[in-house]
Chemist: 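Structure incoming, see below.
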Amino acid sequence: MLKVFDFFAHAKSESLWMAHFCTGCCSLEMAAAMGPRYDWERYGFLPTPTPRQADILIITGLVTKKMLPALLRTYAQMPEPKYVLALGACSFDGGPYNDSLAVIKNPTEILPADVFVAGCPPKPEAIISGMEEIKKKMKAGIPSAASEGGLWKEMRF
Amino acid sequence: MEGDEILMQNIKNILSSYETEYIEDYKTVWIKTKLLKSGDLLEVAKALKENGLRTISTVSATDFLEENKIEMNYFFEDLLTKRNCWLKCDIPREIELCVIDSITPLFVGASWHEREVFSMFGVKFTNHPDLRPIIVSQDFYGKTPFRKDFDWDAHEADIVTNMNTIVDSFANEELENDKKLDPHGSEMILNWGPTHPASGPIRLKVHCDGEEVLGIDPDIGFVWRALEHLVTKKDFIGAIVAVERLCFMDNINSMVGYCQAVEEIAGVEITEFAKYMRVVLGEVARLSSHMMGMAGVYNALGLHTVMMWNMDMREFFLDFLESYSGARIATAAIEPGGVRYSLEPKMLEELQKALDKFDATKEDIRSIFVKNPTMKLRGAKIGIISADEVLDYALCGVVARASGVKTDIRIDEPYGAYANITMDYITQESGSAQDRMIQIFAEMEQSVDIIKQAKKHIEAKVASAEFDLTKDHMVKVPKKLPKGEAISRVEWARGEVLMHLVTAEKATSPYRLKLKAPSFNHTMMLNHLLEGKTLSDIPLIFGSLYICQGDLDR
């Protein structure tokens, strides 16, 4: 019986689709990761324009106050199991915009991320390796951080 | 007197018939003046417009808390004869008295700039046709975030209420739309965004009837980082981190603009080597931006090959930036006083590889995109911008030149080493969406040509030992700057970036930095261009305007 479940986890994790959602400048390196040199489709990743078919939500760097409701709505619309990848310094503590009060300093406190990728912006290789980490979590059956907690559950959006 | 001098004298004659504090020459192509009465503004603006200064680059305000005044700055430009006028006037700081005539009825391009000043400083513009807040999120409506005495921390203390304000305003908007529209009719308001694969973070409120677009109202500010406020919290070197994030696609040239302004106030002249390095790095960044911009448009059209080839070429240019600075994109390579790092000859080999890659690929790309039937069918007849519209809406860069307007800051007001570079205006004729793509490609070739010239010069000077690579890259800039102000214009990948830097006495950080970025004006054009077109034209026209949200929102 266990084997069968492993098979599903394996199949799910090897074709991860990400919601094509750009919140900030790290999306530029995400575009490079989709490009011919890094070509993340080799690993089964594909951007999809609708959240209904997406497995991963990528927080691409900074999240402004105006953008946050849209981000949470997108996450809510995604089917389970869903994971969150946070790119760059901004998604952890505001990064270079830490002093700027138009930007939310800790978006991952609101929507917890499963994997953080460091950098400003992170290199495409790092983004791909971050996605690989999510694969490992899915295979091991570890539930996503955002489904376990986070301020987003108490917020209106 | 030469022709240019007569034209400049004309402007001075106009200005001298009003009460002014001073009228003086500034740099080569500017006349700087300050009106004593803000009530004269409309008349002066009208006279300047009749004299050919049809374009308003930007409207910017500076808040002087101690002197209890707000200083307004207007930057009038004549893109054809290259004469410009920097007009100032003071208005009271008290919120009820903080009123000035709007120049939007005369200069349609000032509309959003005045709305921005209204949102940030609370300056009211009388007779403005559409004075709504812009850029700022809804919790800042009716407040003045960029004034020196605005308490950001107190505002942020109640983050939950602020977030609810934003959520409520979106919900209310939806309700109002439902009331406004006939439930049995076919008209609807479509939200194109806040994030769309073909655009990035912007929300276009598309009022449409079936496929037909009746009007577009762009809602911007989804990546508003308040950069202009952020730099005032940092020192002059730390500020480059914020300035380069104006837009990551071409970050080098925005740093060049800022550093030039700092150097002007400090009275520092950088070395010739640093000037040439700024040209090389700037053009590499411009190329990588153009490749990305072009890739985006063709991707939206479904022509993925052009995108893939462009992205592939771009990587080679990023390799050069990485070998020089250690970072592919966020290089922070330009600093007040020169360029941050010395150059090793090995790095130029990396650059040569990129140039070779471009030369090897460019004919392939040309063959599939110039003759491309899809682009011809879809792009040749839509999004047409006439030369008059370029002047009225203050469009610049690729978009302006594709409509046949000869404007390029690198030639009009040469900065750095551009005075020694051989280059000419490249223009197209019709100003259609297709022309803008052809223009981008032509400018890529021009940039490669400029890089080759600069590289040759650097290599020759290194060989003759006139450049000392170990120390020539930087001259010392004092940590404390005197009181002063400067404007600096650079030709950015997307057009003119105008930076207005103000410093206080013994300043360690900027007092005010205004960043005028091109996408702001280009987005203003959207409604005009898309009225009566179909929904499927939106990605193409939007993409061809070469808009980046980074410099749109700042």
Side-chain angles (χ1 to χ4, degrees), chain A residues 19-29 31-39 47-51 60-74 88-90 94-106 110 119-125 151-152 154-157, chain B residues 136-140 145 152-153 155-156 159-160 162-164 166-168 170-171 193-201 203 219 221-227 229-230 233-234 241-242 244-245 247-249 292 295-296 307-312 314-316 318 322 327-330 549-550 553:
Chain A
H20 202 142
F21 191 97
C22 306
T23 59
C25 17
C26 287
S27 51
L28 210 59
E29 283 297 54
M34 292 175 205
R37 185 182 283 189
Y38 300 100
D39 190 17
T48 166
T50 156
T60 58
L62 71 112
V63 181
T64 57
K65 277 189 284 187
K66 211 168 175 179
M67 187 58 112
L68 185 68
L71 181 80
L72 298 181
R73 235 179 219 217
T74 309
C90 298
Y97 311 119
N98 190 287
D99 295 347
S100 160
L101 293 166
V103 173
I104 290 183
K105 277 185 205 154
N106 44 6
I110 296 166
C120 185
K123 293 182 76 171
E125 297 99 315
L151 292 174
W152 73 279
E154 296 148 31
M155 284 177 75
R156 287 168 55 207
F157 50 84
Chain B
V136 291
S137 48
Q138 286 85 342
D139 51 316
F140 284 107
W152 286 74
D153 293 311
H155 177 80
E156 285 305 295
I159 179 101
V160 179
N162 289 344
M163 284 312 302
N164 286 344
I166 295 173
V167 174
D168 287 342
F170 282 130
T195 174
H196 186 283
S199 72
R203 184 164 74 110
D219 176 14
F222 285 93
V223 284
W224 180 51
R225 295 142 292 170
L227 289 179
H229 178 256
L230 192 58
K233 293 182 177 179
K234 300 185 186 278
V241 175
E244 90 166 313
R245 278 160 183 76
C247 174
F248 261 166
M249 274 153 81
M292 198 78 185
M307 173 188 118
M308 285 297 177
W309 286 354
N310 266 329
M311 297 287 284
D312 191 25
R314 180 172 174 269
E315 292 294 334
F316 286 82
L318 295 186
E322 192 176 4
R328 283 156 51 85
I329 292 179
Q549 283 75 17
D553 299 342

Chemist: At their closest point, which heavy atom of A:T64 faces which heavy atom of B:F222, and how far apart are they?
Modeler: OG1-O, 2.6 Å
Chemist: Identify which part of B:R225 has an atom lying under 4.5 Å from any heavy atom of chain A, answering side chain, backbone, both or neither.
Modeler: both
Chemist: Roughly how far, to the nearest 0.5 Å, is the CE atom of B:M308 from the CG atom of A:D39?
Modeler: 6.5 Å
Chemist: Using non-hydrogen atoms only, which part of A:T23 is less than 4.5 Å away from chain B: side chain, backbone, both, or neither?
Modeler: backbone
Chemist: What closest approach, in Å, do A:V103 and B:W224 show between heavy atoms, and which atom pair accounts for it?
Modeler: CG2-O, 4.2 Å
Chemist: What are the two closest heavy atoms between A:K65 and B:M163, and how far apart are they?
Modeler: O-CE, 3.5 Å
Chemist: Side chain, backbone, both or neither: which part of B:D153 has a non-hydrogen atom closer than 4.5 Å to chain A?
Modeler: both
Chemist: Find the distance between CZ (B:F248) and SG (A:C120) and round it off to the nearest 0.5 Å.
Modeler: 5.0 Å
Chemist: So, are B:E156 and A:K105 salt-bridged, with charged N and O less than 4.0 Å apart?
Modeler: no
Chemist: How far apart are the closest heavy atoms of B:V241 and A:P96, and which atoms are they?
Modeler: CG1-CB, 3.9 Å
Chemist: For each of B:M292, B:R203, B:H155, B:M307, tally heavy-atom pairs with chain A at distances under 4.5 Å, and name the one with the top tally.
Modeler: B:M292
Chemist: Need one label for A:L28: side chain, backbone, both or neither, based on atoms under 4.5 Å from any heavy atom in chain B.
Modeler: both
Chemist: Using heavy-atom distances under 4.5 Å, tell me whether B:H196 contacts chain A through its side chain, its backbone, both, or neither.
Modeler: neither
Chemist: Considering all heavy atoms of both residues, which atom of A:G24 and which atom of B:V223 are nearest to each other, and what is their separation?
Modeler: CA-CG1, 4.4 Å
Chemist: For the interface with chain B, which of A:H20, A:E154, A:M155 has the highest count of heavy-atom pairs at distances below 4.5 Å?
Modeler: A:H20
Chemist: Identify which of A:G35, A:G119, A:A102 forms the greatest number of heavy-atom pairs closer than 4.5 Å to chain B.
Modeler: A:A102
Chemist: Under 4.5 Å, counting heavy-atom pairs only, tell me which of A:R37, A:M34, A:E29, A:K123 racks up the most with chain B.
Modeler: A:R37
Chemist: Please test A:Y38 against B:E315 for side-chain contact (heavy atoms from CB on, under 4.5 Å), starting from the C-alpha separation and ending with a verdict.
Modeler: CA-CA 10 Å; A:Y38 300 100; B:E315 292 294 334; 3.5 Å; yes
Chemist: So which of B:D139, B:D219, B:V136 actually passes side chain to side chain contact (heavy atoms under 4.5 Å, CB included) with A:K66?
Modeler: B:D219
Chemist: Measure distances from B:Q549 to the heavy atoms of chain A and classify the residue's part below 4.5 Å as side chain, backbone, both or neither.
Modeler: neither
Chemist: Looking at A:L68, A:L62, A:D99, which makes the most heavy-atom pairs under 4.5 Å with chain B?
Modeler: A:D99
Chemist: Taking all heavy atoms of A:C22 and all of B:T195, pick out the closest pair and write down the distance.
Modeler: N-OG1, 3.3 Å
Chemist: For the interface with chain B, which of A:P47, A:A70, A:P121, A:P49 has the highest count of heavy-atom pairs at distances below 4.5 Å?
Modeler: A:P121
